[in-house]
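Step one of this worksheet: look at the structure below.
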Amino acid sequence: MDADDLLKVDLEHCILNGEIVARQWDSNFKDYKYILDGETLAGEEIEVVANLKSDKIIIITTYLL
């Protein structure tokens with residue numbers, strides 16, 4: 001996040017308004033991780049890789065596209 005000057009609100013915007021483009025098995029979590037594509041509040045394309053649980057979201061990584 002720091003390298004791309006991303007803020008927490010940028011990730012939230014992507015998660016709430018973007019779309020899941022892939023689901024991959026993550027052997028570290030023993031669960032699926034999801035790749036979400038969306039935009040930051042400034043309109044830049046962003047990708048978020050996360051583990052989605054019923055009660056929380058674990059961000060694995062995020063970056064500008």
Side-chain angles (χ1 to χ4, degrees):
M1 288 178 55
D2 288 341
D4 289 331
D5 294 323
L6 296 171
L7 302 173
K8 182 179 173 182
V9 293
D10 292 321
L11 276 68
E12 290 172 351
H13 188 264
C14 177
I15 291 167
L16 294 172
N17 299 297
E19 75 177 86
I20 296 173
V21 296
R23 181 179 80 158
Q24 300 173 346
W25 181 255
D26 189 324
S27 58
N28 292 329
F29 284 107
K30 305 272 190 275
D31 202 354
Y32 285 100
K33 64 181 176 184
Y34 296 85
I35 301 171
L36 299 99
D37 282 357
E39 293 183 345
T40 65
L41 287 176
E44 299 174 291
E45 291 185 44
I46 186 176
E47 193 160 85
V48 175
V49 181
N51 181 273
L52 307 176
K53 300 289 186 186
S54 61
D55 61 337
K56 61 185 168 184
I57 298 171
I58 300 168
I59 304 299
I60 299 170
T61 190
T62 185
Y63 43 86
L64 290 174
L65 295 177

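Only heavy atoms go into these numbers, but all of them, side chains included; no hydrogens, no water, no symmetry mates.
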Note: Gly38 and Cys14 closest approach over all heavy atoms is N-SG, 3.6 Å

Any side-chain heavy-atom pair from Met1 and Ile59 closer than 4.5 angstrom? no

Worksheet entry | Asp55 atom CG, neighbour heavy-atom count above 12 within 6.0 Å | yes

In Ile57, Leu52, Val48, Val49, the residue satisfying side chain to side chain contact (heavy atoms under 4.5 Å, CB included) with Tyr34 is Leu52

Self-check item: Min side-chain heavy-atom separation Glu44-Ile46 under 4.5 Å
Solution: no

task: Please examine the side chains of Asp5 and Leu64, heavy atoms only from C-beta on, and report whether any two atoms are closer than 4.5 Å.
output: no

Heavy-atom nearest pair, His13 first then Glu39, reads ND1-O, 2.9 Å

Exactly one candidate in Asp4, Leu6, Leu7 meets side chain to side chain contact (heavy atoms under 4.5 Å, CB included) with Thr40; the answer is Leu6

- Message: Between Tyr32 and Ile58, is there shared hydrophobic-cluster membership here, with clusters defined by ILVMFWY side-chain heavy atoms closer than 4.5 Å?
- Response: no

Check: Can you hop from Trp25 to Ile20 via hydrophobic side chains spaced under 4.5 Å?
Finding: yes

Residues passing the salt bridge (charged side-chain N to carboxylate O under 4.0 Å, His left out) test with Asp31, sequence neighbours excluded, are Lys53

| Under a 4.5 Å cut-off applied to non-hydrogen side-chain atoms, are Asn51 and Asp26 in contact? | no

CG (Asp10) and CD1 (Ile15) are apart, to the nearest 0.5 Å, by 11.0 Å

For the residue pair Ile35 and Glu47, establish whether any side-chain heavy-atom pair is separated by less than 4.5 Å.
yes

More than 12 heavy atoms of other residues, nucleotides or ligands under 6.0 Å from CD of Glu12: yes or no?
yes

